[in-house]
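Below is one structure, written out as structure tokens, with a few remarks after it.
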Amino acid sequence: MPRYALTLVLLAAALAATPAATARAQERLELFDAHLHYNQEPTPLYPLEMVLDIFRRNGVTGILATSRPNKGTHQLVEAKAPGLWVVPFIRPYRTRADIQTWFNDDGIYDLILDEYRRGYYRGIGEFHIYGHSAATPLVKKIVNFAVERNLFLHAHCDEEALLLLLSHNPKARIIWAHTGFSTPPARLKELFRTYPELRGELSYRSGITDSTGQVTAEWRDLFAQYSDRFLIGSDTWINERWFSYDGLMKGYRAWLAQLPPEQARRIASGNAVALFGPRKTE
Ligand SMILES: [Zn+2]
């Protein structure tokens with residue numbers, strides 16, 4: 001083949017491929033990971049560059065960033081990684097042991113005040129709280145602190161604690177980590193109806209799909225009514241979750257693809273933009 005002909009063939013191939021490739025890229029949903037821990041006790045599993053690469057290859061363009069201690073979150077914010085929107089939350093833990101005791105520990109309030117002075121935080125959490133532990137004066141003080149500063153709360157809790165948090169201050173804006181794990185969808189509907197500011201984050205949430213990977217009828221129904229209330233997340237609380245990060249995001253994409261596109265877009269990232277936006281990336 002003459003050289004110019006080869007060039008023409010290559011050019012034609014490139015022109016043919018480009019629109020298709022662009023269309024495919026546009027179809028790929030942007031994901032916002034609303035349950036990301038970059039824990040470091042004392043060093044992280046993966047260096048920062050590797051973590052940023054994991055987000056890139058999964059189409060994760062935004063993260064609700066937390067870490068224990070908060071140093072990992074500082075690093076994610078300060079990285080100013082191109083194309084990554086970081087929404088930092090204050091983690092009320094210094095060490096893993098704090099998970100059991102933070103709600104009775106005044107030192108944790110000081111930690112929250114200290115971190116808040118950095119000026120960029122949008123919420124407090126993820127924190128763990130069960131049953132009557134949520135009734136302590138310190139928890140009430142933290143809920144009020146959050147409401148007064150327009151901060152969200154990312155709560156890993158049972159229903160009793162959730163209702164106590166909301167009773168401390170009805171204006172509390174709570175993202176319910178794991179959406180109760182297994183709370184029946186009918187009950188979730190009641191809670192969403194009663195508490196218009198309540199949001200559900202879906203990591204570890206059971207019942208969304210059946211054994212064949214199809215979204216179940218009751219979850220289709222829940223998403224049809226409340227697709228504006230859900231967020232997805234990885235919950236990288238242990239190393240294994242980093243190892244399975246690609247699979248977790250593929251899993252979300254698999255069931256999001258079964259929903260009407262506008263519902264899928266909201267759950268994938270649109271709701272995060274509505275909550276925390278406008279979106280800021282470098
Ligand atoms: Zn978590």
Side-chain angles (χ1 to χ4, degrees), residues 31-41 43-46 51 54-55 58 60 62-77 86-103 105 108 111-112 115 121-131 133-134 139 142-143 146 151-159 161-162 165 172-183 198-208 229-249 251-252 267 269 271-272 275-276:
L31 301 181
F32 183 94
D33 182 345
H35 196 142
L36 191 279
H37 304 297
Y38 187 37
N39 288 335
Q40 334 207 324
E41 289 177 316
T43 52
L45 169 70
Y46 291 146
V51 166
I54 289 171
F55 299 144
N58 282 288
V60 171
I63 54 172
L64 191 163
T66 75
S67 70
R68 188 184 63 235
N70 287 286
K71 183 180 156 201
T73 303
H74 307 161
Q75 290 176 352
L76 285 164
V77 170
V86 178
V87 177
F89 272 41
I90 301 169
R91 197 113 208 254
Y93 305 149
R94 298 153 298 202
T95 63
R96 188 173 280 215
D98 284 335
I99 293 174
Q100 315 294 334
T101 53
W102 68 274
F103 41 85
D105 180 347
I108 294 298
L111 179 159
I112 291 170
E115 285 296 321
Y121 283 105
R122 302 298 309 277
I124 301 171
E126 176 202 23
F127 54 77
H128 300 72
I129 195 97
Y130 303 98
S133 304
V139 172
I142 291 172
V143 171
L151 297 170
F152 293 85
L153 297 165
H154 194 197
H156 173 138
C157 60
D158 55 12
E159 194 180 316
L162 178 74
L165 292 172
R173 302 180 78 185
I174 297 177
I175 298 165
W176 194 9
H178 319 296
T179 317
F181 289 104
S182 59
T183 304
L198 182 65
R199 302 295 192 282
E201 180 275 317
L202 294 171
S203 60
Y204 286 105
R205 173 63 225 202
S206 67
I208 299 172
R229 310 288 281 280
F230 289 102
L231 302 153
I232 58 163
S234 59
D235 193 6
T236 46
W237 66 289
I238 44 171
N239 293 347
E240 284 68 24
R241 298 292 281 185
W242 281 112
F243 302 146
S244 53
Y245 196 96
D246 294 5
L248 291 167
M249 294 304 128
Y252 281 123
I267 298 166
S269 65
N271 293 335
L275 283 180
F276 310 123

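Bear in mind the structure is a predicted one, so any value in this text is a computation, not a measurement. Remember, it's 1-based here, ligands and their atoms both numbered in the order they're listed. By convention here, the first residue in the shown sequence is residue 1.
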> Counting distance only, does the side-chain N/O of Asn70 pair as donor-acceptor with the main-chain N or O of Arg91 below 3.5 Å?
Replying inline: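 Yes; judged by distance alone, with no hydrogens or angles, the pair exists.
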> Is there a side-chain contact between His154 and Leu231, using heavy atoms and a 4.5 Å cut-off?
Replying inline: no
> Who pairs with Ser203 by side-chain contact (heavy atoms from CB on, under 4.5 Å), at least two apart in sequence or on another chain?
Replying inline: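 Partners of Ser203 by the side-chain contact (heavy atoms from CB on, under 4.5 Å) criterion, ordered by chain and then number, come out as His35, His178, Glu201, Asp235, Arg241, Tyr252.
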>> Checking Tyr130 now: which residues fulfil side-chain contact (heavy atoms from CB on, under 4.5 Å) with it, not counting sequence neighbours?
In response: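 Partners of Tyr130 under the side-chain contact (heavy atoms from CB on, under 4.5 Å) test: His128, His156, Asp158.
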> According to the interplanar angle, ranging from 0 to 90°, do the rings of Phe181 and Tyr204 count as parallel (below 30°), tilted (30 to 60°) or perpendicular (above 60°)?
Replying inline: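 Tilted.
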> What is the number of protein N/O/S atoms located under 2.8 Å from the Zn ion (ligand 1)?
Replying inline: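 For the Zn ion (ligand 1), the figure is 4.
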> What residues, two or more places apart in sequence or in another chain, satisfy side chain to side chain donor-acceptor pair (under 3.5 Å) together with Arg122?
Replying inline: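 Arg122 satisfies side chain to side chain donor-acceptor pair (under 3.5 Å) with no residue once adjacent residues are dropped.
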